[in-house]
Amino acid sequence: MNVRLLSLARIALEAEGLRLRRRARRGIVRGVLGMIALLWVFGAVVFAHIAIWDWLRDSMAWSAMGTAWALAGGDAVIACVAALIAAQLGPGRVELEALAVRARAVEAATTSLALSALLMQALRIGLNLVRRRGE
């Protein structure tokens, strides 16, 4: 029984390690891609704002305040779309499977440990009965 318990504990540890490594890797990839995207977006937004500001002021004859509000509204819409897309990213298939394997191994180990404790208690009771009969 102890060998099975150790085996289940090892499986649970390996599954958790795999899950954490995948989660960390996903976080690193997200971070790096996010930084690259931010640099490009920053440059694009600066030039787009300059172009839109100039176009709205000259072609549409908008006031400075109206142009500023229009640009701020457009920025808010873009920020909301980006936030919604980021919120949709979740754990991958491998991470979810590793979590399920860990849960099953921990459950089996807990069951095995409880059974071992019951068997040990039964053995103690049996040994006590044998000793009492021998006296």
Side-chain angles (χ1 to χ4, degrees):
M1 289 254 179
N2 289 335
V3 173
R4 176 172 162 70
L5 182 61
L6 290 175
S7 177
L8 291 170
R10 183 184 55 79
I11 290 170
L13 275 173
E14 287 176 6
E16 182 65 7
L18 176 62
R19 187 183 74 83
L20 291 175
R21 283 191 304 275
R22 289 295 181 142
R23 185 176 181 185
R25 188 172 84 178
R26 186 178 75 232
I28 291 169
V29 169
R30 274 182 169 174
V32 169
L33 291 175
M35 293 302 292
I36 291 169
L38 281 176
L39 290 173
W40 285 101
V41 166
F42 180 73
V45 167
V46 168
F47 284 111
H49 277 79
I50 292 168
I52 293 170
W53 179 274
D54 189 53
W55 178 75
L56 288 174
R57 294 278 293 149
D58 289 343
S59 299
M60 307 298 283
W62 284 16
S63 68
M65 187 60 78
T67 305
W69 279 109
L71 287 175
D75 289 346
V77 168
I78 292 169
C80 287
V81 168
L84 287 172
I85 291 171
Q88 296 299 317
L89 296 176
R93 182 186 56 81
V94 171
E95 186 178 341
L96 292 173
E97 287 176 4
L99 187 59
V101 167
R102 183 196 70 179
R104 284 192 303 268
V106 167
E107 182 182 333
T110 304
T111 303
S112 178
L113 187 60
L115 183 60
S116 295
L118 287 173
L119 289 175
M120 288 301 292
Q121 190 64 24
L123 183 61
R124 282 189 198 122
I125 292 170
L127 287 174
N128 285 337
L129 288 175
V130 168
R131 284 185 197 151
R132 287 184 188 164
R133 285 186 185 171
E135 293 177 359

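Between E95 and R22 there is no salt bridge, since no side-chain nitrogen of the basic residue lies less than 4.0 Å from a carboxylate oxygen of the acidic one.
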Step by step, work out the side chain to side chain contact (heavy atoms under 4.5 Å, CB included) result for V46 and H49. CA-CA 5 Å; V46 168; H49 277 79; over 6 Å; no

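Linking ILVMFWY side-chain heavy atoms closer than 4.5 Å, directly or via other members, places V101 and L20 in two distinct hydrophobic clusters. Residues V32 and W40 are members of one and the same hydrophobic cluster, defined by side-chain heavy-atom contacts under 4.5 angstrom among Ile, Leu, Val, Met, Phe, Trp and Tyr.
The structure places CG of L99 at 10.0 Å from CZ of R104, a figure rounded to the nearest 0.5 Å. Here the straight-line distance linking atom CH2 of W55 with atom CH2 of W62 works out to 7.5 Å at 0.5 Å rounding. Rounding to the nearest 0.5 angstrom, the gap separating the CD atom in E14 from the CG atom in L18 is 9.5 Å. For the atom pair CG (D54) and CD1 (I50), the distance works out to 9.5 Å, reported to the nearest 0.5 Å.
Listed for the R102 side chain is no donor-acceptor partner under 3.5 Å among the backbone atoms of L13.
When every heavy atom of A105 is checked against every heavy atom of L8, the shortest pair comes out as CB-O, 3.6 Å.
Applying the 6.0 Å contact sphere to CZ of R30 captures more than 12 heavy atoms from other residues, nucleotides or ligands. Environment of CD in E107: sparse, with no more than 12 heavy atoms of neighbouring residues, nucleotides or ligands closer than 6.0 Å. Atom CZ of R26 has more than 12 neighbouring heavy atoms from other residues, nucleotides or ligands inside a 6.0 Å radius.
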